[in-house]
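Side chains included, hydrogens not; waters and symmetry mates left out as well; all remaining heavy atoms used. Indexing begins at 1, ligand by ligand and atom by atom, following the structure's order. This is a predicted model, so every value here is computed, not measured.
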Amino acid sequence: MTNEFKQLDLRSQLMQALDELGYASPTPIQSAIIPAMLSGQDVIGQAQTGTGKTAAFALPILNNMAVDQGYVQSLVLAPTRELAMQVATAIHGYGRHLGVSVLPVYGGTPYGRQLSRLRKGVDIVVGTPGRLLDLIRRRALDLSFVSTVVLDEADEMLSMGFIEDIEAILKETSPDRQTTLFSATMPQPIRRLADRYMRDPQFFTIERKQLTVDTIEQRYYLVNAADKLAALTRLFEVEEISSALIFSRTRLSTGELANELTGRGFPAEALNGDMNQDARERVLNRFRRNQIKVLVATDVAARGLDIDDISHVFNYDLPQDAEIYVHRVGRTGRAGKTGTAITLLTPKERGRLRRIETYIKQKISQSTLPTVEDIQMRRKAQLVERMMIWLRRGRFSQEREIVAELAEEGHDPMEIAAAALKLVRAGEKQRPIAPLGEVQEWRQQKYKRSAKRGYGKNGRNSHEEGMVRLSLDTGKVNGIRVNHIVGTLAHYAKIPGHSLGKIRIQKQQTFVDVPEQFVVQVLAKTGSYRIGKQSINVERA
Ligand code: AMP
């Protein structure tokens, strides 16, 4: 394969990894940033996730480093635990043939493993500012030999209140380090940070085109994982589907899902990687000719599917990767037609959906699933519509004869018509409208699990290492819910909501587990917390 990365003159182990990953050419931000970073310059990249910015800074770092020197050579700061993990995994992947050691560090997890890995020596650390600062203060992390620092998603770190921590961390590194900064937006404080801590940085801005087209209507429905099949069949009742492609990851295999749908009155076939070429072609031909309207496929099996006429794409599972979402959704709305893309989302996948929205630069709107009444009304309307066709056509002399015979036997014509409709609707019995449970919020689910594990009735001490239990003088009597607690603490104390641990709402008070490094910050704001009109005090439990 000719690889346009060749022009960047990267070491062979990196080229090998890129080949294996199937990266054939650098993205625009990579073409801009990689040469600048390789030459040792400070750079600022105004770019969002999805532009390939991780590889843009990871490849030069990996190219210029001597592996296994026993000290930290590069440091990446990221706003969230998720991003830190994602970036660490990506760097590890690009550097796999170099044998590079990458350590992600973030709050809310025990220190033990991080400390022992640091003691053994790692090449690259990727972390959230709070935990990095903690490790520096514990003298577990020495940054004096760091040659490159990356501030990833700097504006996010700013809005989460990390700016002072970032400055404190930068001061721990050598002044002749290389500094790179990535940010989707460039507010004043970020510019100031760049002025103070960067040397004559080169500035690159990367525009990304909208990735999905406007002719596709994109919606999502919030459901419990256990209710996905019920939700899907409800949608099948009300959507005007001419042909549908359902993407399923693993929960139910494609075959099982196709069988379940068929059994519920919506004939469907599966397309998966296990099928041989002949079987695959047979299924595809039936789908092309509209002999089957519903195909359940995996991403791999749907590759190269050249069918323009798909009215609906369903994400039975939200894909891990935003690019895959774009790929899937792009199966509909082709050749100038409109299309609908529907995602079944479980509460814990909300964050991933937001990342996809950022990536595609479009909002995916939330809808509510049809109720039992909606479906009954729709079934009735369809029945009446079909009847009207026959009433207008009027070619039913044989059926009229049957009605005449029954009337002669003394049956009322209204009754006869009603009985006939009953017969027509008998098929609906095979399509019972599946009940849906109330959507369980992710934090509630976690809480329920921890309650099952025996969360002490009045447990004042957190059982999780690195967490401290605080108490709030509000509870069930005030109508408090988990999201209120997370919202007010995150907002007033400027801490990431997802860093909070167990939350237990009792009658008059609430217990919350807070990561150690945020405790002072949280307690400092006691008195300013509000939920609705109520002012809330927070203290150690
Ligand atoms: P990022 O903006 O770093 O989150 O990257 C977005 C996605 O693009 C990730 O899934 C990367 O694996 C992928 N990616 C990055 N660079 C390239 C490239 N040059 N060619 C193909 N895919 C890439």
Side-chain angles (χ1 to χ4, degrees), residues 1-11 13-38 43-63 74 76-97 100 102 104 124 126 128 148 150-157 180-185 204-212 249 299-300 303 318-330 351-362:
M1 160 161 97
T2 60
N3 192 318
E4 289 176 36
F5 274 102
K6 278 217 171 77
Q7 291 154 12
L8 295 171
D9 235 1
L10 297 169
R11 58 212 282 189
Q13 296 94 329
L14 293 178
M15 289 302 293
Q16 192 185 343
L18 293 175
D19 272 346
E20 286 162 5
L21 287 166
Y23 291 11
S25 53
T27 65
I29 196 165
Q30 290 163 359
S31 299
I33 301 261
I34 293 174
M37 272 185 77
L38 285 176
V43 295
I44 298 178
Q46 187 168 1
Q48 289 163 326
T49 305
T51 49
K53 66 182 164 70
T54 316
F57 64 75
L59 293 172
I61 287 177
L62 292 165
N63 200 68
S74 298
V76 182
L77 274 72
T80 60
R81 164 201 179 113
E82 286 74 25
L83 187 67
M85 287 196 291
Q86 204 178 307
V87 168
T89 309
I91 300 179
H92 189 259
Y94 300 133
R96 71 181 105 173
H97 298 299
V100 64
V102 188
I124 301 175
V126 185
T128 51
T148 305
V150 179
L151 307 177
D152 198 8
E153 302 201 352
D155 51 354
E156 284 291 316
M157 292 201 276
T180 55
L181 182 152
F182 292 87
S183 198
T185 57
F204 300 99
T205 172
I206 303 297
E207 274 299 310
R208 201 157 38 75
K209 290 195 226 73
Q210 189 170 304
L211 289 170
T212 53
R249 199 175 50 226
D299 290 297
V300 175
R303 227 174 255 168
L318 188 67
Q320 289 289 345
D321 196 315
E323 266 179 278
I324 294 181
Y325 177 88
V326 173
H327 241 107
R328 289 183 179 184
V329 167
R352 210 191 304 159
L353 187 85
R354 272 196 293 277
R355 282 197 291 283
I356 291 177
E357 287 182 326
T358 315
Y359 181 68
I360 62 173
K361 291 187 172 173
Q362 258 170 298

Query raised in the report: Can you check whether Gly22 has an N/O within less than 3.5 Å of an N/O in ligand 1?
Result: no
Requested in this report: Give the residue, atom name and distance (to 0.1 Å) of the protein heavy atom nearest atom 11 (C) of ligand 1.
Outcome: Tyr23 OH, 3.1 Å
Report summary line: When distances are taken from atom 16 (N) of ligand 1, the protein heavy atom at minimum range is Gln30 NE2, 2.7 Å
Query raised in the report: Does Arg11 reach the main-chain N or O of Leu62 with its side chain, forming a donor-acceptor pair under 3.5 Å?
Result: yes
Query raised in the report: Short list, please: which atoms of ligand 1 are under 4.0 Å from a heavy atom of Phe5?
Result: 19 (N)
Query - Sub-4.0 Å atoms of ligand 1 with respect to non-hydrogen atoms of Thr54 - result: 1 (P), 3 (O), 4 (O)
Query raised in the report: Starting from atom 9 (C) of ligand 1, which protein heavy atom do you reach first, and at what distance in Å?
Result: Glu323 OE1, 4.0 Å
Query raised in the report: So how far is it from Asn63 CG to Met15 CE, rounded to the nearest 0.5 Å?
Result: 10.5 Å
Query raised in the report: At a 4.0 Å threshold, what atoms of ligand 1 neighbour a non-hydrogen atom of Asp321?
Result: 10 (O)
Requested in this report: Calculate, to the nearest 0.5 Å, the distance between atoms CD and OG1 belonging to Gln86 and Thr54 respectively.
Outcome: 6.5 Å
Requested in this report: Answer yes or no: is there a donor N or O on one side and an acceptor on the other, between the side chain of Arg96 and the main chain of Gly93, under 3.5 Å?
Outcome: yes
Requested in this report: Determine whether more than 12 heavy atoms belonging to other residues, nucleotides or ligands lie under 6.0 Å from atom NE2 of His97.
Outcome: yes
Query - Sidechain-backbone polar pair: Gln46 side chain, Ser183 backbone, donor-acceptor under 3.5 Å - result: no
Query raised in the report: Under 3.5 Å, N or O to N or O, is Tyr94 touching ligand 1 that way?
Result: no
Report summary line: Between the OH atom in Tyr94 and the CD atom in Gln16, the distance rounded to the nearest 0.5 Å is 15.5 Å
Query raised in the report: Which of the numbered atoms in ligand 1 are below 4.0 angstrom from a heavy atom of Ser25?
Result: 18 (C), 19 (N), 20 (N)
Query raised in the report: Which protein non-hydrogen atom lies closest to atom 6 (C) of ligand 1, naming both residue and atom, and how far is it?
Result: Gly50 CA, 3.6 Å
